[in-house]
Peer 1: 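Submitted below is the structure of interest, expressed as structure tokens.
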Amino acid sequence: MNNHIVKTYGEELDQLSAEVVLMGGLAEAQVADAVEAVARRDVALAQSVIERDRKLDELERDVERKCIRMIALRQPMAADLRKTVAAMKIATSLERTGDLAKNIAKRSLVIAEAEPMSPLTRSIERMGKLVSSRLRDVLDAYKSGKLDMAMAVWSSDTEVDEHYNALFRELLTYMMGDPRTISACTHILFMAKNLERIGDHATNMAEHIHYEITGEDYVEDRPKSSTF
């Protein structure tokens, strides 16, 4: 390649990474706002999360198109190919994270119409903050190219599972104590499951970062707790 082509190619790769980072910031905000909508019973904020999901969908499609075009026209090899593939896979995880945040927001609209269940919504808030911190850490690892930071996120997946299991038991206690809470508790259970799945996507992204940096798949068994 001549210098002009090499420079343009490098700029395309940098632009691709920047777009994934932008997606990450939007997905992180979606999760935080969805959880806040639950905690504050904020209908307007929940509706905003639902409406903003389209932007993540558009960005994910754009990243995918750019990756396919780059592979077809540039035929990247080695580190460049790994960077392109990792960007596409991380963008997919971020789009799905946005979908899960949207689902939480939709259920918060139902919860807002029911009697307040402060202990349970506080549990969702705590779990949401934990998941948000995992998402933020893995995105920082992607931006900075820090393998150790990505692997720290991977290793901490059990903490999210433990929060989910504790909340599941708490919900069972509520439903057995007062059957009138079953409907609201079911929505809260699905919210918790969505947060647990967002934690799984953060773990997926950590594995993609490992592949991008090392060129090897991370083959260790995930440190999972059994979940209900």
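Start at 1 with the first residue, then count along the sequence. Only heavy atoms go into these numbers, but all of them, side chains included; no hydrogens, no water, no symmetry mates.
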Peer 1: Heavy atoms, side chains only, cut-off 4.5 Å: are Leu59 and Lys55 in contact?
Peer 2: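 In short, these two side chains touch, coming nearer than 4.5 Å.
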Peer 1: Passes salt bridge (charged side-chain N to carboxylate O under 4.0 Å, His left out), Asp200 versus Arg96? Steps please.
Peer 2: CA-CA 11 Å; Asp200 285 342; Arg96 290 175 182 168; over 6 Å; no
Peer 1: Inspect the contact between Asp148 and Lys146 and indicate whether a charged nitrogen and a carboxylate oxygen are less than 4.0 angstrom apart.
Peer 2: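 Here Lys146 does not pair with Asp148 in a salt bridge, since their nearest N and O are not under 4.0 Å apart.
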Peer 1: Could you list all the side chain to side chain donor-acceptor pair (under 3.5 Å) pairs where at least one residue sits in residues 114-131, not counting sequence neighbours?
Peer 2: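 Every side chain to side chain donor-acceptor pair (under 3.5 Å) pair that includes a residue of residues 114-131, provided the two are not neighbours, is Ser123-Arg126, Ser123-Glu170.
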Peer 1: For Arg74 and Glu12, run salt bridge (charged side-chain N to carboxylate O under 4.0 Å, His left out): C-alpha distance rounded to whole Å, both residues' side-chain angles, the deciding distance at 0.1 Å, then the answer.
Peer 2: CA-CA 10 Å; Arg74 301 294 192 184; Glu12 287 178 2; 3.0 Å; yes
Peer 1: Can you check salt bridge (charged side-chain N to carboxylate O under 4.0 Å, His left out) on Lys83 and Asp80, steps first, answer last?
Peer 2: CA-CA 5 Å; Lys83 187 171 186 177; Asp80 290 343; over 6 Å; no
Peer 1: Could you check whether atom CZ of Arg197 has more than 12 heavy atoms from other residues, nucleotides or ligands sitting under 6.0 Å from it?
Peer 2: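 No, the 6.0 Å shell around CZ holds no more than 12 heavy atoms from other groups.
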Peer 1: I'd like to check Met117 versus Thr181 (side-chain heavy atoms, cut-off strictly below 4.5 Å). Are they in contact?
Peer 2: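 In short, these two side chains touch, coming nearer than 4.5 Å.
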Peer 1: Are the side chains of Leu81 and Met77 in touch, meaning some heavy atoms are under 4.5 Å apart?
Peer 2: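 No, their side chains stay 4.5 Å or more apart.
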Peer 1: Which distance, rounded to the nearest 0.5 Å, do you find between the CD of Glu60 and the CG of Leu94?
Peer 2: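 Here the rounded value is 9.5 Å.
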Peer 1: Taking all non-hydrogen atoms of both residues into account, name the closest pair between Glu212 and Ala86 and its distance.
Peer 2: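 Nearest heavy atoms, Glu212 then Ala86: OE1-CB, 3.6 Å.
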Peer 1: Can you check whether Ser48 reaches Asp33 side chain to side chain, under 4.5 Å on heavy atoms?
Peer 2: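 No, their side chains stay 4.5 Å or more apart.
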Peer 1: Between Leu167 and Leu189, is there shared hydrophobic-cluster membership here, with clusters defined by ILVMFWY side-chain heavy atoms closer than 4.5 Å?
Peer 2: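 Same cluster: Leu167 reaches Leu189 through Ile, Leu, Val, Met, Phe, Trp or Tyr contacts under 4.5 Å.
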Peer 1: Would you mind reporting whether Arg82 and Tyr211 have side-chain heavy atoms less than 4.5 Å apart?
Peer 2: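 Side chain of Tyr211 against side chain of Arg82, heavy atoms only: contact under 4.5 Å found.
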Peer 1: In Å, rounded to the nearest 0.5 Å, how long is the span from CG of Asn103 to CG of Asn194?
Peer 2: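 Asn103 atom CG to Asn194 atom CG measures 5.0 Å (nearest 0.5 Å).
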Peer 1: So Gln30 and Lys102, side chain to side chain contact (heavy atoms under 4.5 Å, CB included) or not? Walk me through it.
Peer 2: CA-CA 8 Å; Gln30 288 285 81; Lys102 180 178 69 174; 5.6 Å; no
Peer 1: Out of curiosity, Leu73 CG to Arg69 CZ, how far, rounded to the nearest 0.5 Å?
Peer 2: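 One gets 5.0 Å once the value is rounded to the nearest 0.5 Å.
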Peer 1: Do Leu135 and Met205 have side chains that approach each other closer than 4.5 Å (heavy atoms only, starting at C-beta)?
Peer 2: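 Touching, per the 4.5 Å side-chain cut-off.
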Peer 1: Search all heavy atoms of Ala46 against all heavy atoms of Ser108 and return the closest pair with its distance.
Peer 2: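 Heavy atoms of Ala46 and Ser108 come nearest at CB-OG, 3.3 Å.
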Peer 1: Before accepting this row, confirm whether a basic side-chain N of the pair Arg136/Glu28 lies closer than 4.0 Å to the acidic partner's carboxylate O.
Peer 2: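 A salt bridge links Arg136 with Glu28.
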Peer 1: Go through the steps to decide whether Gln47 and Leu109 satisfy the test side chain to side chain contact (heavy atoms under 4.5 Å, CB included), and finish with yes or no.
Peer 2: CA-CA 8 Å; Gln47 290 171 336; Leu109 295 175; 4.2 Å; yes
Peer 1: Go through the steps to decide whether Tyr164 and Val160 satisfy the test side chain to side chain contact (heavy atoms under 4.5 Å, CB included), and finish with yes or no.
Peer 2: CA-CA 6 Å; Tyr164 173 76; Val160 175; 5.7 Å; no
Peer 1: Between Glu196 and Met127, does the side chain to side chain contact (heavy atoms under 4.5 Å, CB included) criterion hold? Intermediate values first, please.
Peer 2: CA-CA 9 Å; Glu196 189 265 337; Met127 188 175 176; 4.0 Å; yes
Peer 1: Would you sort out whether Arg61 and Glu95 count as a salt bridge (charged side-chain N to carboxylate O under 4.0 Å, His left out), showing the intermediate values?
Peer 2: CA-CA 9 Å; Arg61 287 192 295 268; Glu95 188 274 332; over 6 Å; no
Peer 1: How close do Ala206 and Ala150 get, heavy atom to heavy atom, and via which atoms?
Peer 2: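 Closest approach of Ala206 to Ala150, heavy atoms only: CB-O, 3.2 Å.
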Peer 1: Hey, what do you get for OH (Tyr174) to CD1 (Ile188), rounding to the nearest 0.5 Å?
Peer 2: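 Going from the OH atom of Tyr174 to the CD1 atom of Ile188 covers 8.5 Å.
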Peer 1: Nearest heavy-atom pair of Gly199 and Asp157: which atoms, and what distance?
Peer 2: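 Minimum heavy-atom contact is O-OD1, 3.7 Å.
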Peer 1: Would you say that Val35 contacts Leu195 through its side chain, given a criterion of any heavy-atom pair below 4.5 Å between the two side chains?
Peer 2: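 Of all side-chain heavy-atom pairs linking Leu195 with Val35, at least one is under 4.5 Å.
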Peer 1: Do Met70 and Leu13 have side chains that approach each other closer than 4.5 Å (heavy atoms only, starting at C-beta)?
Peer 2: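 Met70 vs Leu13: side chains touch.
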Peer 1: Hey, any chance Trp154 and Ile198 share a hydrophobic cluster, counting ILVMFWY side chains that come within less than 4.5 Å of each other, even indirectly?
Peer 2: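 Yes: a chain of side-chain contacts under 4.5 Å links Trp154 to Ile198.
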Peer 1: Measure the CG-CG distance between Asp99 and Asp53 for me, rounded to the nearest 0.5 Å.
Peer 2: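 Those atoms lie 5.0 Å apart.
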Peer 1: Ion pair present between Arg54 and Asp57, side-chain N to carboxylate O less than 4.0 angstrom?
Peer 2: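 The answer is no: the pair does not qualify as a salt bridge.
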Peer 1: Any carboxylate oxygen within less than 4.0 angstrom of a Lys/Arg side-chain nitrogen, looking at Glu159 and Arg134?
Peer 2: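 Arg134 and Glu159: salt-bridged.
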Peer 1: Can you tell me how far apart CG (Leu56) and OG1 (Thr97) are? Round to the nearest 0.5 Å.
Peer 2: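 One finds 8.5 Å between CG of Leu56 and OG1 of Thr97.
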Peer 1: Quick one: does His210's side chain have a donor or acceptor within less than 3.5 Å of a partner on Met151's backbone?
Peer 2: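 Between the backbone of Met151 and the side chain of His210 there is no qualifying donor-acceptor contact (under 3.5 Å).
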Peer 1: Could you check whether any side-chain N or O of Ser155 sits under 3.5 Å from a backbone N or O of Ala152, counting only pairs where one atom can act as donor and the other as acceptor?
Peer 2: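 No: the side chain of Ser155 does not pair with the backbone of Ala152.
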